[in-house]
Number of protein chains: 2
Amino acid sequence: MSGGVEWALHCCVALTVARSPASAARLAEMHDVSASYLAKQLQSLARAGLAHAVQGHAGGYVLTRDPALITVLDVVEAVDGARPAFTCTEVRQRGPIAAAPERCLSPCSIHAAMTAADEAWRAALRGVSIADLARDVTDKTGPGTLQRIADWLG
Amino acid sequence: MSGGVEWALHCCVALTVARSPASAARLAEMHDVSASYLAKQLQSLARAGLAHAVQGHAGGYVLTRDPALITVLDVVEAVDGARPAFTCTEVRQRGPIAAAPERCLSPCSIHAAMTAADEAWRAALRGVSIADLARDVTDKTGPGTLQRIADWLG
DNA sequence: TCAACTCGGACAACTTTTGTCCGGAACCTC
DNA sequence: GAGGTTCCGGACAAAAGTTGTCCGAGTTGA
């Protein structure tokens, strides 16, 4: 998985407490990561409709909807793409004892197992929202952490 | 995920019905894939203790234990490695408003969510054995498929 | 003893991913 | 309206991981 996913998720949590648009440069400085690369991840969030980009002076990014309605899976798919990790190449239809195409209408057992596992992974990520992440931060470290982020973003 | 995982799983299913050691070259020919590259995947299986490599004339690979005791996860981890897809870089401890290390004893919420999803994925793959895959093949396409594989391997 | 066949690991070529950079357009402040 | 700030998109370079190939070491069977 792309490392940019982690950055994007941290940014989403920060955006939940931001009172004004937060620019990519400022978010990058706060997390001490590459500004150019983080910008690309934020663009992906905007393209996916999770964040809205306001241009011009004092511009930046704002979440488009309530953090409780944005799942971790949404962010992961926006940044990393939505295609499953496993792709079946239909090995059974190749070679000297290849299976006939009419017998391969349903996915093979390996494909099915991989798809099921992938769906379990997605379901787990779909069950956690950005609001859940933010609440977990306050539960573990107190309200000061998110407060400092909000203050620093200005 | 590496495409070699798919090949390795197909080979494991084939080895279930093989009556004698099956060489990498023969398995590669059957599946119509690169022999040199498939050999590498089979080596991984041997290194992980899933298959035993018999050298010399008429040598090849044999499963070390009952197919019902080899899970799909075993094969995936053997070929692709066992490390989780997500790695936490402790972003919260970096930058101008970094959290104090003593407050970061437990994994952050993002890390926890990713770990849970990864575990769900692993659990799904752990619940399917090579024997399950083979049984599914016969259930869907009849006993002829595995029979042809066994005959072709000789 | 010999020859043939096998695995095993080291060695390149390629593709994908990751990361950087710059010009253009939009916007706010003055 | 001028200037500065910001996002957007694409072009570009670097790194990683993959796919694929080769040859040597060891083993087996005749």
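Reckoned from all heavy atoms, side chains included, excluding hydrogens, waters and symmetry mates. Reminder, nothing fancy here: chain letters follow the sequence lines and each chain counts from 1.
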Legend entry - Heavy-atom side-chain contact between A:Thr16 and A:Leu133 under 4.5 Å: no
Inset, instruction - Please determine if A:Arg83 and A:Asp118 form a salt bridge, counting it only when a charged side-chain N lies under 4.0 Å from a carboxylate O. - result: no
Inset, instruction - Give the intermediate values and the outcome of side chain to side chain contact (heavy atoms under 4.5 Å, CB included) for residues B:Leu50 and B:Leu63. - result: CA-CA 6 Å; B:Leu50 302 178; B:Leu63 295 181; 5.7 Å; no
Legend entry - Lys/Arg-Asp/Glu bridge criterion (N-O < 4.0 Å) met for A:Glu119, A:Arg126: yes
Legend entry - Row check, B:Trp152 ring normal vs B:Arg26 NZ/CZ: under 6.0 Å, within 45°: yes
Inset, instruction - Using a cut-off of strictly less than 4.0 Å, decide whether A:Ser2 has a side-chain nitrogen or oxygen near OP1 or OP2 of C:dT18. - result: yes
Inset, instruction - For B:Gly3, report the nucleic acid contact type (base, sugar-phosphate, nothing); a contact means any heavy atom under 4.0 Å. - result: sugar-phosphate
Inset, instruction - If the plane angle is over 60° it's perpendicular, under 30° parallel, otherwise tilted; pick one for B:His111 and B:Phe86. - result: tilted
Inset, instruction - With a 4.0 Å heavy-atom cut-off, tell me which residues in residues 5-43 of chain B come close to DNA chain D, sorted by residue number. - result: B:Trp7, B:Ser34, B:Ser36, B:Tyr37, B:Lys40
Inset, instruction - Return the value, rounded to whole Å, for the distance between atom CG of B:Leu45 and atom P of C:dC7. - result: 12 Å
Legend entry - Contact nearer the 5' end of DNA chain C, comparing B:Ala46 with A:Arg83: B:Ala46
Legend entry - N/O donor-acceptor pair under 3.5 Å between B:Asp80 side chain and B:Met1 backbone: no
Inset, instruction - Considering only NZ, NE, NH1 and NH2 on the basic side and carboxylate oxygens on the acidic side, decide whether B:Arg148 and B:Asp151 come within less than 4.0 Å. - result: no
Legend entry - Presence of A:Arg47 side-chain N/O under 4.0 Å of D:dC8 phosphate oxygens OP1/OP2: no
Inset, instruction - Take nucleotides 23-30 of chain D nucleotide by nucleotide from the 5' end and write B, S or -, depending on whether a protein heavy atom sits under 4.0 Å from the base, only from the sugar-phosphate, or from neither. - result: ---BBB--
